[in-house]
Protein chains: 2
Amino acid sequence: MRYKTIEEYIETIHVLELKHGRAQTGMIAARMRVRPPSITEMLGKLEREGLIRYESYTGATLTASGKAMARELMHTHKVIADLLEILGIDRTLAEADACQIEHHVSKETVARLEEFVKFARADEGTTDSIRRFRTGMP
Amino acid sequence: MRYKTIEEYIETIHVLELKHGRAQTGMIAARMRVRPPSITEMLGKLEREGLIRYESYTGATLTASGKAMARELMHTHKVIADLLEILGIDRTLAEADACQIEHHVSKETVARLEEFVKFARADEGTTDSIRRFRTGMP
DNA sequence: AGCCTCTTTTAGGTATACCTAATATTCTTC
DNA sequence: GAAGAATATTAGGTATACCTAAAAGAGGCT
């Protein structure tokens, strides 16, 4: 089995911080399906890397640098998921694929894909090729 | 630094087998930037998993199952790279991104993206939205 | 306040993908 | 065909992301 990446930890902490103000060991462990002692250990590493603030028995919050990483990941995720949906992939599947792909696309490519997503959205309502493809129209 | 995946080993062996009839430890090591002893070790693992045949001091070739994996990876790679190129990404960058993304897309999504690529190719020469987007025409 | 429960951390261990140094095998060239 | 060069394997070590079991800390209830 594959190990979780730092990015996955940061995303999880980000979501939990939004929902509960901070990310506690147990919550992270449950979401990521990793045992609490491994989380404690990883939180130490993330803190040493300057991505989170971490207080024992209390929980973690993202630093500015951690937030920047989370923001970028969320943005990439949205671009990829939107693109896949525009190309006719079911939203649930698009989200699942985006979760993986988001960690492996270059910034340059994301920028270009974002342009395409905007372009395609602007074409909504016309009967041009993207729409034809999506709807299966002749 | 990230570890190489089994899929990356299989792809490398596939390429070398095409070019030289078999993949030798040193060639794999050079391509993957991993030291020869690590390659020897990994070839043992790949053989135990039934993906390659491996003879000491001679080299490795893919089994049917290894070939199937290689074929699928190459197909996914092509679909992703073609898609990115259609969306205006430089071929070199598209190839580089495809190298990473190919390991993280679901089969279902690849199938749908392949349809889109075919559709867009069929539209070549027309002045519809995909083309407009790619060329930056009004 | 004190006890009990739940959560977290500490201690110690495993698996694995890498590495370097030393040894073994194969290839080349005379 | 033997010596030396090139390549591969073996032996032994490191780092790290996980784990389980045991100890420590925090919060609720009487």
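First the proteins, then the strands, lettered A, B, ... as listed; each starts at 1.
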Does a sphere of radius 6.0 Å around CD in Glu49(A) hold more than 12 heavy atoms from other residues, nucleotides or ligands, not counting ones at 6.0 Å or beyond? yes
Crowding at NZ, Lys78(A) (>12 non-hydrogen neighbours, <6.0 Å): no
Starting from [atom2] on [N], measure out to [atom1] on [X] and report it in whole angstrom.
X: Ile28(B); N: dT7(D); atom1: CD1; atom2: P; answer: 14 Å
X: Gln24(B); N: dA6(D); atom1: CD; atom2: P; answer: 16 Å
X: Glu47(B); N: dA8(D); atom1: CD; atom2: C1'; answer: 15 Å
X: Ile39(B); N: dT10(D); atom1: CD1; atom2: P; answer: 15 Å

When you check the gap from the basic side-chain N to the acidic O, do Lys118(A) and Glu115(A) get nearer than 4.0 Å? no
Short N-O contact, Arg2(B) and Glu8(B), less than 4.0 angstrom: yes
Shortest non-hydrogen separation from His104(B) to Asp97(A) and the atoms involved: O-OD2, 4.1 Å
Shortest non-hydrogen pair, Glu102(A) vs His77(A), comes out as OE1-ND1, 2.7 Å
Using the test side chain to side chain donor-acceptor pair (under 3.5 Å), find all partners of Arg91(A) that sit at least two apart in sequence or belong to another chain. Asp82(A), Glu85(A), Glu95(A)
Give a yes/no on whether any side-chain N or O of Thr25(A) is located under 4.0 angstrom from OP1 or OP2 of dT9(C). yes
Can you give one letter per nucleotide of nucleotides 11-22 of chain D, going 5' to 3': B for a protein heavy atom under 4.0 Å from the base, S for sugar-phosphate only, - for none? ------BBBBB-
With DNA chain D as reference, determine whether Ser56(A) or Glu55(B) sits nearer its 5' end, using the nearest nucleotide of each. Glu55(B)
Bend across the helix from dA1(C)-dT30(D) to dC30(C)-dG1(D), to 10°, with axes taken over 5 pairs at each end? 10°
Does a side-chain heavy-atom distance below 4.5 Å link Leu113(B) with Leu84(A)? yes
